[in-house]
Amino acid sequence: MALLSRAPIHLLVALFVAATLAGCSEPGSAKGADDGTRERPAKPIDTEPVRREAVNRTVNVSGTLAAENEVTVSSQAEGVVSRILADLGDRVVSGQVLVELDREKPQYNLDQQKAALARSLARYGASEPGRLPPIDQTPDVKRAAAELNQARRGFERATELSKRQLLSQQALDDADAVLRTKQAEYDSAMQNAKNLAADIDASNAAAPFDGYVQQRMVSLGELVKEQMPVMQVVRVDPLKVIAEIPEGLAPWVQGGQPVDLQVDAYPDQSFTGKVSRISPSVNQQTRAFPFEALVPNPQGLLKPGTFVKVKLTTNHVEQLLTLPYAALQYRYGVNRAYVVTGDSIAGREVKVGDRLGDRIEILDGVKAGDVVAMTDVDNLADGMKVAPKRKAN
């Protein structure tokens with residue numbers, strides 16, 4: 001009875017093993033379906049060729065913004081500060097009073113200055129400082145010029161009469177003396193007019209340009225002396241960029257060339273300007289040439305003293321090897337591009353140069369005409385099967 005009870009168990013085990021073996025060898029089974037060896041389909045990709053093109057070389061340097069004009073406003077008289085009419089950061093306009101002194105003595109000095117200016121303007125033949133006529137059109141010069149012309153014509157007539165022996169030598173000498181005298185008077189009138197113009201300009205120079213107060217130097221109740229500094233005013237439109245060009249790149253940069261600026265305060269905004277001055281000599285410490293560029297700043301967004309990144313587009317044209325920036329794969333400090341060969345790709349380590357818009361300069365690693373992968377570049381690998389199609393230009 002014991003043997004009969006165990007026989008079904010052995011039979012079941014044998015049947016299970018046979019069924020398992022039969023299942024493994026059954027036709028149509030998916031051999032290797034789970035071992036990762038099944039060949040993957042080719043990856044569809046866009047491509048673009050590496051090409052050689054003429055490019056205007058750019059220069060990238062760092063610089064600092066500075067005010068083009070900055071002035072220290074001084075007191076024109078002695079007195080006690082009674083009012084402060086502008087302070088740090090305030091916008092001021094030309095002719096605006098910044099600090100007011102006690103009235104008595106300053107008013108007397110101001111009246112004297114105004115009277116002197118009025119006399120100079122009257123002698124010059126002008127109505128106001130900002131509208132001076134040409135020097136040769138001032139009253140004294142015009143009168144002297146008329147007398148000089150009359151003397152010249154008199155001398156010419158005397159010379160002609162003397163040649164015909166109708167005038168004595170003495171009369172000719174007298175006409176020559178008159179001409180010389182009138183010439184001297186004309187020259188003197190011209191010089192006086194120039195001096196008057198300088199006096200008028202000096203009288204009008206007390207008013208600073210439009211700008212912002214950078215520093216206040218006096219306080220209420222303080223006694224100030226004549227010519228004592230009271231405020232600093234800075235003009236912020238335009239500003240100038242102060243930077244240096246590496247010695248080897250200096251021949252590529254000339255006055256009037258455009259510059260593009262980037263500042264940390266406005267990372268998504270670009271500012272433009274033009275090169276205005278270039279030093280004729282190199283800085284011995286840095287082996288670079290200092291230069292300046294003027295940058296319009298109508299809204300006052302840029303501030304003097306700000307660090308800026310400067311990009312100059314030069315007139316120097318080079319034949320460069322380039323590929324799309326999007327074709328680069330960057331891993332562990334290495335740039336790679338994947339060159340398409342038939343139905344597969346091969347990774348090439350490349351050395352890059354300057355960024356050129358949506359393309360980048362290639363110094364080594366690929367050659368002109370190589371076709372590189374453009375699709376899903378970060379996930380590409382060496383030897384991957386691809387189905388390339390050339391990207392339409």
Starting at [atom1] of [X], measure out to [atom2] of [Y] and round the result to the nearest 0.5 Å.
| X | Y | atom1 | atom2 | result |
| --- | --- | --- | --- | --- |
| T47 | D370 | OG1 | CG | 12.0 Å |
| D237 | L301 | CG | CG | 10.5 Å |
| I360 | N335 | CD1 | CG | 6.5 Å |
| K43 | I345 | NZ | CD1 | 9.0 Å |
| K309 | L261 | NZ | CG | 12.5 Å |
| E68 | L294 | CD | CG | 5.0 Å |

Would you say that [X] contacts [Y] through its side chain, given a criterion of any heavy-atom pair below 4.5 Å between the two side chains?
| X | Y | value |
| --- | --- | --- |
| V372 | V50 | yes |
| V233 | N69 | no |
| F289 | E247 | yes |
| V55 | E318 | no |
| V234 | V213 | no |
| V259 | V275 | yes |
| T159 | E156 | no |
| V386 | Y338 | no |

Verify the neighbour count for atom [atom1] of [X]: are there more than 12 heavy atoms of other residues, nucleotides or ligands below 6.0 Å?
| X | atom1 | answer |
| --- | --- | --- |
| R91 | CZ | yes |
| Q227 | CD | yes |
| R331 | CZ | yes |
| R287 | CZ | yes |
| Y325 | OH | no |
| Q319 | CD | yes |

Between [X] and [Y] (side chain of the first, backbone of the second, donor and acceptor by atom type, cut-off under 3.5 Å), is there such a pair?
| X | Y | value |
| --- | --- | --- |
| N297 | L302 | yes |
| S276 | E292 | yes |
| T64 | I242 | no |
| R216 | V218 | yes |
| D343 | K385 | no |
| Q329 | L380 | yes |
| S162 | A158 | no |
| S219 | E222 | no |
| S188 | A184 | no |
| K367 | D364 | no |

Considering all heavy atoms, the nearest [X]-[Y] contact:
| X | Y | answer |
| --- | --- | --- |
| A387 | A42 | N-CB, 3.9 Å |
| A243 | G63 | CB-CA, 3.9 Å |
| P290 | N283 | CD-N, 4.4 Å |
| V366 | L323 | CG2-CD2, 4.2 Å |
| N56 | T313 | CB-CG2, 4.2 Å |
| A327 | A373 | CB-O, 3.7 Å |

Is there a chain of hydrophobic side chains (I, L, V, M, F, W, Y, each step under 4.5 Å between heavy atoms) that links [X] to [Y]?
| X | Y | value |
| --- | --- | --- |
| V97 | Y212 | no |
| V71 | V224 | yes |
| V236 | V308 | yes |
| V371 | I362 | no |
| V81 | M231 | yes |

### Message
Between L98 and V230, is the side chain to side chain contact (heavy atoms under 4.5 Å, CB included) condition met? List the steps.
### Response
CA-CA 9 Å; L98 305 178; V230 296; 5.7 Å; no
### Task
Could you tell me whether R157 and E160 have a side-chain N and a carboxylate O separated by less than 4.0 Å?
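Looking at R157 and E160, the cut-off is not met.
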### Message
Pair E185, T181 - check side chain to side chain contact (heavy atoms under 4.5 Å, CB included), show working.
### Response
CA-CA 6 Å; E185 291 177 356; T181 299; 3.7 Å; yes
### Message
I need the single residue from R359, E361, R51 that forms a side chain to side chain donor-acceptor pair (under 3.5 Å) with T322. Which is it?
### Response
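The side chain to side chain donor-acceptor pair (under 3.5 Å) with T322 is passed solely by R359 among R359, E361, R51.
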### Derivation and outcome, side chain to side chain contact (heavy atoms under 4.5 Å, CB included), residues S344 and M384
CA-CA 5 Å; S344 64; M384 181 180 288; over 6 Å; no
